[in-house]
Structures are given as C-alpha cells and as structure tokens.
Protein chains: 2
Amino acid sequence: MTSSGVSAPDPPWWDPPGRGEPRTTLTRDKVVTAALHVLDEVGLQGFTMRRVAQELGTGAATIYWHIADKEQLLQLVLDRVIGEIELPEPDSTRWQDQIREFARAGRAVFRDHPGVALASLGRTPVGPNLVPIMEWFLRVLGEAGVPPRAASWFADLLALVGAAQAVEDGLSVKTNNRALDGLGEYLAQLPADQFPQLTSFAAEMARGDADDRSEFALELLIRGLASYVRQ
Amino acid sequence: MTSSGVSAPDPPWWDPPGRGEPRTTLTRDKVVTAALHVLDEVGLQGFTMRRVAQELGTGAATIYWHIADKEQLLQLVLDRVIGEIELPEPDSTRWQDQIREFARAGRAVFRDHPGVALASLGRTPVGPNLVPIMEWFLRVLGEAGVPPRAASWFADLLALVGAAQAVEDGLSVKTNNRALDGLGEYLAQLPADQFPQLTSFAAEMARGDADDRSEFALELLIRGLASYVRQ
DNA sequence: ACCTGAACACCGTTCAAGT
DNA sequence: ACCTGAACACCGTTCAAGT
C-alpha cells in the first residue's frame, strides 16, 4: 500500500495481543457503524461521544484516535448513509421517472435514519459517496437537456427538501412535538373575520400525511425542472 | 385584564425596589431579545442559557421563571424573527411577483440572523407571527387559482428552502467549513473516465454565488407552482 | 500504534432559600 | 412574584501514562 517497496519490521506491539483474546482492534469504520447505531437508537440529541464509546465497549477518549471530533464523525455517518442509496441505471429518455425513483429511494433511507436526516440539515455532505450520485444526476439530466448548473443546483435542492421532510416525519412520529397535533384546532378557532382563509381551510390543511406532502413537493420540483429543459 | 373587577392589594414585594435603582424587572420579551442578540453574536452552537443570562446581567436559573426550557426559547426567538418579515399588500393578479417579493424579504431576514435560520431547520415554527403569513399565502394563491392544500404545502416548502439556503450562506461566510472551498479542485481531479460529467463541469458547478442559487431555486419553485393553477 | 483514566472547562435544569 | 447560588448529572476534548 505504501509507495516504497521496503518497510521496517513490525514493532512489538503490532503482534498478537495478550492471550488469544479476540482483542479486535478498533477501526474508523467500526466507530462509524457504532455511531450510526447510536444515532438510530437515541436520536441526534442523545448522540454523545461517551455513548458511542459505550457502544464499542471502550472509553470516550479512544474514539479520538480514529476521528478528529464529533463534527467529523457526523459527516462520516452521513456519508455512510448516503452510500446506501441505490442509483437506477441511467436512462435519460425517462428522466422524470428516474428522478422520482431516486428521490423515493433517498427518502426511504432517511426515513430509516431520521437522526441522520436531522444531522444533514445545515451540513453540506461532501463525502466520497456523494460523488457518484452527483455524476449520475449530471448524466441523466444533462442528456435530457438540463444545463449542468441547473442540474447540480436541482440536486442540492432535492437533497435539502428530502432531508427536511424526513426530519418532520421523524418529529411527528415521536410524541415529542405536540405542536402539530393541536395545529388544526388552533387554526380553526382563530377569529374568522381576521383570518378567513385559515379558518375555513384549517381542516383541509391539517389533512394529508407525510407521504402526500413529499409527493407533492417532488412533483412540483420536477415540473419546475422540466421548464429548464432546452431543446 | 382579569375577568373579575375586584383584586387584592399588592403584596409588599410588588412595590418600589431597594432605593430608586431602575431594577427593571425581567420579562419574557426581554429574555427573547437577549436570546436573539446572543444567537446573532455567537451562533447556535455558542447559544447557551448561561450566555443569555449573562447578556441580561443575571444567573441562568432566573431565565427559567419566564421560559420553560431552551427549546421553547428558541421557538420564541424564531417567531420573533418571523414577525420581522414584511408582507406585500395582497394582489393576486401578479401572484408570481408577490411570492418573489415575500421570498426575498424572508431571505433577507434570515440572512441577518443565520443562527436563527439554522435553528429553524428541523423545528416547525408554529407561532402567532406565522399565522398572518399563512393567511396571506392562502389569500394570494387562492385568488390566483391554487388550491388551498397546494398553497399551504408550497408555503412550507418555500420556508424550508429559504432557511436551508440562509444556513448555507452563513456557513460559507464563516471560514468554519473549508469543505466548500476545496470542492471545485476536488471534483476536477477525480478520475475523468469514471466521472466524466463531474470533471468536465467542475468549474461551472463551483461558480454561482448564494444569490444565484437562491434565485434559481425560487424561480424553479414558482414555475412548478404555476402548473398547479386551475382555470 | 493504539488504548485508557482522569481531568478540564463547560453544559441544561432543579431547588431550597432569599426579597 | 420574582430572583439567586449552589448543586446535580451530564457534556466534548485533552493529555500523560500504559501496552
């Protein structure tokens, strides 16, 4: 793996540990896996370096050998999860379906990891696993006639919307925010002369679950993008 | 202010403080103002109950008389800032311009308070100051022929995109994330046979500042929404 | 090279006690 | 009614010391 062919003999501490115990050494990969577990179990606000260490059966200080700080660990977890998204085989003749397919795959992954979705907001996830996705976008949309800059900005926009929606889903799943539950009634009881629209449409607005909203946003974005296709 | 006309005499501690000192009593409003100051000065990660208390010249415990917890304080600050957005006089005949105007006003406010923009992500800002805005949206878009549910979902989408973009602006302003600076070169040096699109368009993608991106997103959203107008 | 314990400088929140 | 100090149960990160 190194560029020079020669290398010094192993130092004594490289070799077999104590007494045949597994003593599996920690790797950055294992730290990321443990971090993802913790994030899935306790969410972002419960995500603690000490908790990750505990998941690994070690102390918090140990993690810092493999990772710079908490922020970097979150970025690594984010990239790991992004890598789980499967890309459809590019086919620009049906680019709208392809975008829909990708968006739904991404949504599913974020729904499985709402803590990661929350962490992704306000963090630009530039990791190696994002690169093939960007390439895919440029290819599919470029062949469909969307200029590269519009294509890449659209990809940003789609990621942002997808993550934010996953977060909202995650929040309303937890009993955590009771705000949304009472929202319908709150709107309905406002003074009707001041807020005629809200009071009359309150029920209709509260209706519609997370999937409806996601699909609406996706459809709107695709229709908007379609207007950028040049012939 | 109370429903019964009678009331007991003031208790002794109601009356003039020590010795003519101002001794201005704290109010929830002042706490929110101080919190906004702190958020503007040190950002969300520096936003601390102790820091807010210091801004008020008191101890952290004092705050808890006026506010439930940190989360509620953030919601209050969010609503305060939302209240700063000015609404154009409704005129549905030029609804596209009206949405543009509103979006730019909102963007400006969030740009002045990037810490608040960050806090808004992943938090549903249901406060009293949001109500007139929702009403305005339903009115303008409803009269233009957009169904109420589409109108309210669009408002959500616009808020989400605006906040997220303000966050990205705020991040790239701070030297904080050096990730974006090196992004262009990173993309350009990727193996060209594996990533032909990225490598050839790297320069073009890195170009375009925050305003360009915001305007693109806004335009795309409006074009998408236009397709929902029913005649 | 990799791991550890203990420490440092912080957090949010509570609670008895003051005025 | 409102404010305070001190405490509790935590944090992220560093660092000397171990193997």
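Note that these values count all heavy atoms, side chains included, but never hydrogens, waters or copies made by symmetry. By convention in this document, chain letters (A, B, ...) are assigned in the order of the sequence lines, proteins followed by strands, and residues within each chain are numbered from 1.
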Residues passing the side-chain hydrogen bond (donor to acceptor under 3.5 Å, both in side chains) test with B/E86, sequence neighbours excluded, are none

Using a 4.0 Å cut-off on heavy atoms, which residues in residues 47-54 of chain A reach DNA chain C? List them by number, or say none. A/R50

Bracket notation of DNA chain D in which parentheses pair within the strand, [ ] cross earlier pairs, and | pairs with another strand (Watson-Crick or G-U, under 3.5 Å): ||.|||||...|||||.||

Where along residues 59-72 of chain A does a heavy atom come under 4.0 Å from DNA chain D, residue by residue in number order? A/A60, A/A61, A/Y64, A/D69, A/K70

Which residues satisfy the side chain to side chain contact (heavy atoms under 4.5 Å, CB included) test with B/Q194, sequence neighbours excluded? B/P191

Can you list the residues that meet the side chain to side chain contact (heavy atoms under 4.5 Å, CB included) rule with A/E84, with sequence neighbours excluded? A/L36, A/V109, A/H113

Restricting to side chain to side chain contact (heavy atoms under 4.5 Å, CB included), what partner residues turn up for A/A61, sequence neighbours left out? none

Distance, rounded to the nearest Å, where A/L26 contributes CG and C/dT4 contributes P: 8 Å

Under the side-chain hydrogen bond (donor to acceptor under 3.5 Å, both in side chains) rule, collect the residues that match up with A/T48, sequence neighbours excluded. none

Once side chain to side chain donor-acceptor pair (under 3.5 Å) is applied, what residue pairs with a partner in residues 58-70 of chain A remain, sequence neighbours excluded? A/T58-A/T62

Is a salt bridge present between A/R100 and A/E215, judged by a nitrogen-to-oxygen distance below 4.0 Å? no

Tell me, please, which residues at least two apart from B/A155 pass side chain to side chain contact (heavy atoms under 4.5 Å, CB included). B/F137

Under the salt bridge (charged side-chain N to carboxylate O under 4.0 Å, His left out) rule, what pairs show up with a residue in residues 32-50 of chain A, not counting sequence neighbours? A/E41-A/R51

Checking A/F195 now: which residues fulfil ring pair (Phe, Tyr, Trp, His ring centres under 6.0 Å) with it, not counting sequence neighbours? none

